[in-house]
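Only one structure is covered here, and it is reproduced in the block below.
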Amino acid sequence: MEVLVTEDWLLKLPKVDLHLHLDGSVKPETILELALHQGIDLPVYDKDQLIPHMRVNDECSSLTEYLSKFHFTTRFLQLAEALDRVAYEVAQQAAEHNCKYVEVRFAPQLHRDMGLTVEETIQHVIEGLNRGRRDFGVRAGVIVICMRHHAIETNLEVVTAAAKFAGRGVVAVDLAGDEASYPPEIFRDVFAESKRLGLPITIHAGEAAGAANVYEAVANLGAVRIGHGVRLRENASILELVRNRRIPLEMCPISNIQTKAVPSWESYPIREYLERGLMVTINTDNPSVSGTNITKEYRVLADRFGFTAPELVKLIMNGVEAAFLEESDKLTLRREMENELSSLGLLN
Ligand SMILES: O=c1[nH]cnc2c1ncn2[C@H]1C[C@H](O)[C@@H](CO)O1
Ligand SMILES: [Zn+2]
């Protein structure tokens with residue numbers, strides 16, 4: 001019997017989210033409270049009126065315009081309590097969408113204005129997620145981000161600190177920020193060091209620049225996953241390399257349209273990628289900046305591309321396979337997901 005992809009069914013579906021930025025996931029009501037506690041003035045004191053300050057609108061024309069929205073939020077995320085709280089609330093929001101596992105990424109160096117060390121920022125995010133796991137049953141891992149506009153030394157400090165938390169909350173490192181202005185080859189030394197320290201690597205690439213950046217990320221920076229990769233279709237041989245190596249793509253449909261990584265839904269390459277054998281996963285990127293959530297991402301795929309229930313389940317299970325988890329933890333997650341899927345009548 002064919003399953004109808006209704007709102008209720010999508011909400012109940014167990015999910016995972018592998019590409020979710022902490023500073024892009026802050027609720028406006030939390031900003032109101034953080035501002036009050038920290039004595040920071042706000043332009044408006046109503047949660048709905050705060051939204052335009054935090055979220056892009058339909059006129060967003062580029063990744064750089066999209067990134068400008070983060071300046072507003074990071075001001076409130078400079079204290080231990082704030083980092084702990086927003087991490088906890090990521091787990092809470094995940095639970096609201098039956099998202100069983102999240103990989104939460106953030107850039108420690110953006111949270112040091114009030115004197116926190118890189119290690120302290122990581123520690124507080126992990127603590128918030130651990131509380132979230134206890135209260136909401138959502139598993140989580142932290143991906144520590146190097147920023148493209150930061151100096152090499154600054155990013156080396158980030159990967160060194162991240163390595164201290166390997167196996168204790170941190171699951172990987174990433175490179176984010178303005179891709180068009182800072183090509184990945186600048187960061188070879190940073191990711192060589194990450195590799196030496198044994199940290200898995202994912203890199204934002206093929207979002208605001210072409211497929212060559214995906215090649216550089218995989219061949220020279222050691223990326224084992226790629227953030228977005230929507231422009232990979234511009235080069236058939238690089239696409240082939242990514243397919244042959246089974247490198248998962250962390251696609252974020254709503255964000256990818258807003259940043260103009262892809263000009264329109266008609267040209268969004270998800271069906272093409274699946275047909276060409278790429279390992280596609282579906283993620284949110286920045287719920288509060290993009291006005292999205294993981295249920296909505298799957299809703300869009302069903303509405304715009306006619307994805308059926310079994311096809312959506314396949315995308316979700318790709319996410320489980322691509323997760324930066326130890327094999328035994330991955331097995332536990334897979335079993336938990338499969339049990340829920342069977343009770344929804346989705347597995348044989
Ligand atoms: O989609 C993105 N591409 C590149 N950089 C991004 C994206 N979403 C968020 N960021 C940046 C802005 C945040 O402040 C930073 C750390 O989460 O990562
Ligand atoms: Zn991202």
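From a predicted model like this one, the values you see are computed outputs, not experimental measurements. As the structure lists them, so they are numbered: ligands from 1, and atoms in each ligand from 1.
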Flag for Thr30-Glu89: side-chain donor and acceptor within less than 3.5 Å = yes
With a 3.5 Å cut-off and no angle check, do the side chains of Gln258 and Ser290 form a donor-acceptor pair? yes
Give me the residue, atom name and distance of the protein heavy atom closest to [atom].
atom	answer
atom 7 (C) of ligand 1	His21 NE2, 3.8 Å
atom 3 (N) of ligand 1	Glu207 OE1, 2.7 Å
atom 14 (O) of ligand 1	Asp23 OD2, 2.5 Å

Would [X] count as being in polar contact with ligand 1, using the rule that some N or O on each side must be under 3.5 angstrom apart?
X	answer
Ser255	no
Asp285	yes
Thr74	no
Arg105	no
Gly177	yes

| query | Quick one: does Tyr268's side chain get under 4.5 Å of Val230's, heavy atoms only? | reply | yes
Worksheet item: Less than 4.5 Å apart, any side-chain heavy atom of Thr202 and any of Phe324?
Response: yes
(message) Atom CZ of residue position Arg168 - does it have more than 12 heavy atoms of other residues, nucleotides or ligands inside 6.0 Å?
(response) yes
* Asked: Can Glu33 and Arg85 be counted as an ion pair, charged N to O under 4.0 angstrom?
  -> yes
Check whether any N, O or S atom of [X] sits under 2.8 Å from the Zn ion (ligand 2).
X	result
Asp285	yes
His228	no
His21	yes

message = Assess the residue pair Asp178 and Thr64 against the criterion (side chain to side chain donor-acceptor pair (under 3.5 Å)); give the C-alpha distance rounded to whole Å, side-chain angles, the decisive distance to 0.1 Å, and a yes or no.
response = CA-CA 6 Å; Asp178 180 0; Thr64 45; 5.9 Å; no
Under 4.0 Å from one or more heavy atoms of Met147, ligand 1 contributes atoms 15 (C)
The atoms of ligand 1 lying under 4.0 Å from a heavy atom of Ile145, numbered in the order shown, are 16 (C), 17 (O)
Counting heavy atoms under 4.0 Å, the part of Asn286 that contacts ligand 1 is side chain
Ring center gap for His21 and His204 short of 6.0 angstrom: yes
Taking the six-membered ring for Trp, are the ring centroids of Tyr298 and Phe307 within less than 6.0 Å of each other? no
Asp174 side-chain N/O to Ile143 backbone N/O, donor-acceptor pair under 3.5 Å:
no
Of all the N, O or S atoms in His204, the one nearest to the Zn ion (ligand 2) is NE2
Would His228 count as a contact residue for ligand 1, given that I'm defining contact as a non-hydrogen atom of the residue lying under 4.0 Å from a ligand atom? yes
- Message: Cation-pi check for Phe72 against Arg75: NZ or CZ below 6.0 Å from the six-membered ring centre and within 45 degrees of the axis, yes or no?
- Response: yes
Closest heavy-atom approach to atom 12 (C) of ligand 1 among Leu110, Leu67, Thr259 is made by Leu67
